[in-house]
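A quick write-up on the structure given underneath.
Counting starts at 1 for both ligands and their atoms, in listed order. Side chains are part of it too, since the values below use all heavy atoms of this structure and drop only hydrogens, waters and symmetry mates.
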Amino acid sequence: MRRMGLPSASTTLETLPSTGRVHVVGAGPVGLLLTALLQSMEGFSVCLYEKRHEYTRTRMVQLAPYLVAESVDSYRTDYIDGDNVDAVFDPAELHEGVAFRRSVPEDLMTLLRDWTLGFCPLNSIERAVSDLIDARVADGVQRTAAVVTAEDAMAMLNPGDILIDCTGCNSLLRDHLTTDSGEGVEGANTHKIRLEYALVITFLYGQPYDCNEYCKYYKNAENAHYKFIPMVHRTHYDGSVSHVTGIVNISAEDFEAMPARFDGTLLRSDFPSVAQSMDRFIDKIKEETPGEILGDLEIIRIPLDLYHARNATSRQWLAEGPTKHPFSTSPVFLAGDSAIGSPYFQSISLGFECAMYLAALIVQRDLPLSDMLNRYELYSYKQWLRVYMRSKMIKHNKDLFESLDDPMALLEKLHIY
Ligand SMILES: Cc1cc2nc3c(=O)[nH]c(=O)nc-3n(C[C@H](O)[C@H](O)[C@H](O)COP(=O)(O)OP(=O)(O)OC[C@H]3O[C@@H](n4cnc5c(N)ncnc54)[C@H](O)[C@@H]3O)c2cc1C
């Protein structure tokens, strides 16, 4: 039923109505953060939809310190990222982003600060934000446990409602944001680059273990082919155990032959050459700090893809003027992995960054809607450029690293001019 005071589907929506609903589809980390940012904002009621009944993803993740930066200088301290940030963003945009952080409610900011310090299971992040949302009883969120289809999402919209798709890498609405013949065609609105196939291997070690670039080299010295490369910041000692996560580059054939998720026992029986490399690496850790692996290796095989939505909003629909299509009278945004995906453990932070920007835009009710959509498009495109450059640099460095003992192979990978 259409509510009073809202534009009908036959009038152009120029700004957001003074009150309205925000539908957030997907309560993963990014949908939850957006909900927590929007629920206290005056004039909005937030509806959150999630198909899972429990948060079960236990993989250890860490958030980037730039998320809680209190100054522009601390925002660009990452040594690969800093120059990219300066190249892509105007100083005013950086100041605006830092200023918005200051308006993030303290309860939420305290959680974010914690998650930039050490590792945390993904489901702890999800549970903590979910609990925080529920604890704010005065700003209740209407939660629906359901698998939402694209048709459901369109049907739930009154003109002027906002729809935010936070459904992750297999986004519900990404392919519905183009008005041309590609609408609804899988991949029509996605630009994707496959960087490599990889095993993400995690283990616990009963002693402190810190990694740096020398360590990566020496511990892999006899591993001619498969090299286990922990990210520099992917080891974390919590006072009793070290959590170690790293990546082994594999071929497309290896990828096809491996199950999606497995353990060290299966690795040793079915993929002995990868297992030997892992064992050599681990033996060298043990030589340094006599300790033991606690439990087994946890192994996931994934394609490492960089992608982004060419349209991260429904601006094409809005530009067509009012039609029967609900996206022509209701702004739609993609956030998190729905909009941009990146490997090398940076995606949640990027999703949070875009979510903060989006929340800051939505709260400006009198902002012309076309400006709101265009500004979010531009911002997410800049974040895409930033993560594209950072990821290509990491991949290039990894490629060179893997050829350090083979000068000819190394030279083939160097394109100096
Ligand atoms: C092995 C591994 C390790 C990783 N480590 C890190 C790391 O250290 N740091 C980092 O930043 N990132 C890491 N990532 C990536 C990170 O997990 C994702 O970037 C992040 O989960 C994306 O958050 P999201 O909220 O956008 O999407 P998701 O986490 O995918 O959440 C989407 C939510 O939407 C729900 N949903 C989907 N479709 C529907 C529907 N139709 N109806 C209702 N609900 C729906 C899903 O159930 C889910 O809850 C890792 C990924 C992998 C695979």
Side-chain angles (χ1 to χ4, degrees), residues 23-36 47-67 112 115-116 118-127 129-130 143-154 156 163-174 176 197-202 230-236 243-248 260-262 297-309 312 333-355 358 380 387 390-391:
H23 305 271
V24 179
V25 184
V30 175
L32 288 163
L33 182 83
L34 260 166
T35 302
C47 309
L48 178 60
Y49 306 81
E50 172 55 52
K51 66 179 180 186
R52 289 184 289 160
H53 296 285
E54 264 183 278
Y55 289 118
T56 52
R57 296 182 293 185
T58 51
R59 61 176 174 257
M60 302 296 278
V61 301
Q62 187 177 24
L63 301 189
Y66 68 71
L67 275 180
L112 291 175
W115 298 327
T116 61
F119 282 104
C120 179
L122 179 56
N123 62 350
S124 301
I125 294 183
E126 292 174 314
R127 280 189 200 131
V129 185
S130 182
R143 288 191 181 238
T144 305
V147 177
V148 178
T149 64
E151 293 68 35
D152 295 335
M154 290 180 199
M156 66 178 62
L163 175 57
I164 310 177
D165 174 354
C166 300
T167 53
C169 56
N170 300 317
S171 163
L172 184 64
L173 299 172
R174 195 191 300 137
H176 293 272
Y197 292 98
L199 295 179
V200 178
I201 303 183
T202 301
M231 301 281 283
V232 173
H233 300 296
R234 299 297 300 178
T235 65
H236 171 66
H243 300 255
V244 186
T245 299
I247 289 176
V248 177
R261 179 179 290 269
F262 54 111
L297 307 178
E298 273 182 33
I299 307 168
I300 300 172
R301 63 113 166 89
I302 45 174
L304 296 186
D305 291 339
L306 253 177
Y307 64 84
H308 78 121
F333 300 90
L334 305 179
D337 280 13
S338 272
I340 306 175
S342 57
Y344 310 130
F345 312 112
Q346 39 188 351
S347 225
I348 303 179
S349 303
L350 189 70
F352 277 10
E353 184 69 359
C354 290
L358 180 56
S380 47
V387 80
R390 187 174 197 275
S391 304

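In summary, the atoms of ligand 1 found under 4.0 Å from a heavy atom of Val147, numbered by their order in the structure, are 42 (N). Interface of Ile300 with ligand 1, defined as ligand atoms under 4.0 Å from a residue heavy atom, comprises 1 (C). The ligand atoms of ligand 1 that sit less than 4.0 angstrom from a heavy atom of Gly168 are 27 (O), 30 (O), 32 (C). Contact atoms of ligand 1 toward Gly336: 26 (O) (distance under 4.0 Å to a heavy atom of the residue). Heavy-atom contacts of Ala146 reach the following atoms of ligand 1: 42 (N), 43 (C) (cutoff under 4.0 Å).
Counting heavy atoms from C-beta outward, Ile247 and Leu199 have side chains that stay 4.5 Å or more apart. Two residues are said to be in side-chain contact when any heavy atoms from C-beta on lie closer than 4.5 Å; Leu34 and Phe333 fail this criterion. Put simply, the side chain of Leu122 reaches to within 4.5 Å of the side chain of Ile348, judged on heavy atoms. Inter-residue side-chain proximity for Tyr49 and Met156 is flagged as met; some heavy-atom pair is nearer than 4.5 Å. A heavy-atom distance below 4.5 Å is not found between the side chains of Val248 and Ile299.
Look at Gly351 and you'll find every heavy atom at least 4.0 Å from all atoms of ligand 1. Residue contact check for ligand 1: Ser338 places no non-hydrogen atom closer than 4.0 Å to it. At least one heavy atom of Arg57 sits less than 4.0 Å from an atom of ligand 1.
Below 3.5 Å of separation, one finds an N or O of Arg59 facing an N or O of ligand 1. Between Val30 and ligand 1, an N or O atom pair is found at a separation short of 3.5 Å.
Nearest-residue assignment for atom 42 (N) of ligand 1 (options Ile125, Val24, Val148; heavy-atom criterion): Val148. Between atom 21 (O) of ligand 1 and the options Pro29, Gly28, Ala64, the minimum heavy-atom separation is to Pro29. With Leu350, Val61, Leu199 as candidates, the residue nearest to atom 13 (C) of ligand 1 on a non-hydrogen basis is Val61. The option with the heavy atom closest to atom 35 (C) of ligand 1, from among Glu50, Lys51, Gln62, is Glu50.
Contacts between Cys169 and ligand 1, counted as non-hydrogen atom pairs separated by less than 4.0 Å, are absent for every part of the residue. Under 4.0 Å from ligand 1, the heavy atoms of Cys166 that appear belong solely to its backbone. Residue contacts with ligand 1 for Ile348 involve both N, CA, C or O and side-chain atoms from C-beta outward (heavy atoms, distance under 4.0 Å).
Counting only residues at least two apart or in different chains, salt bridge (charged side-chain N to carboxylate O under 4.0 Å, His left out) contacts with residues 24-36 are absent.
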### Task
Go through the steps to decide whether Thr245 and Ile201 satisfy the test side chain to side chain contact (heavy atoms under 4.5 Å, CB included), and finish with yes or no.
CA-CA 6 Å; Thr245 299; Ile201 303 183; over 6 Å; no
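Judged purely by distance below 3.5 Å, without hydrogens or angles, the side chains of Arg143 and Thr35 never pair a donor atom with an acceptor atom. Between Gln346 and Ser391, the side chains place a donor N or O and an acceptor N or O closer than 3.5 Å (distance only, hydrogens not considered).
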For residues 50-60, run the donor-acceptor check on the side chains, cut-off 3.5 Å, and write out each pair with its distance to 0.1 Å, sequence neighbours left out.
from, atom 1, to, atom 2, distance (Å)
Glu50, OE1, Ala27, N, 2.7
Glu50, OE2, Arg52, N, 2.7
Arg52, NH2, Glu126, OE2, 2.9
Tyr55, OH, Ala27, O, 2.7
Arg57, NH2, Glu126, OE2, 2.6

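The structure places OG of Ser342 at 8.0 Å from OH of Tyr307, a figure rounded to the nearest 0.5 Å.
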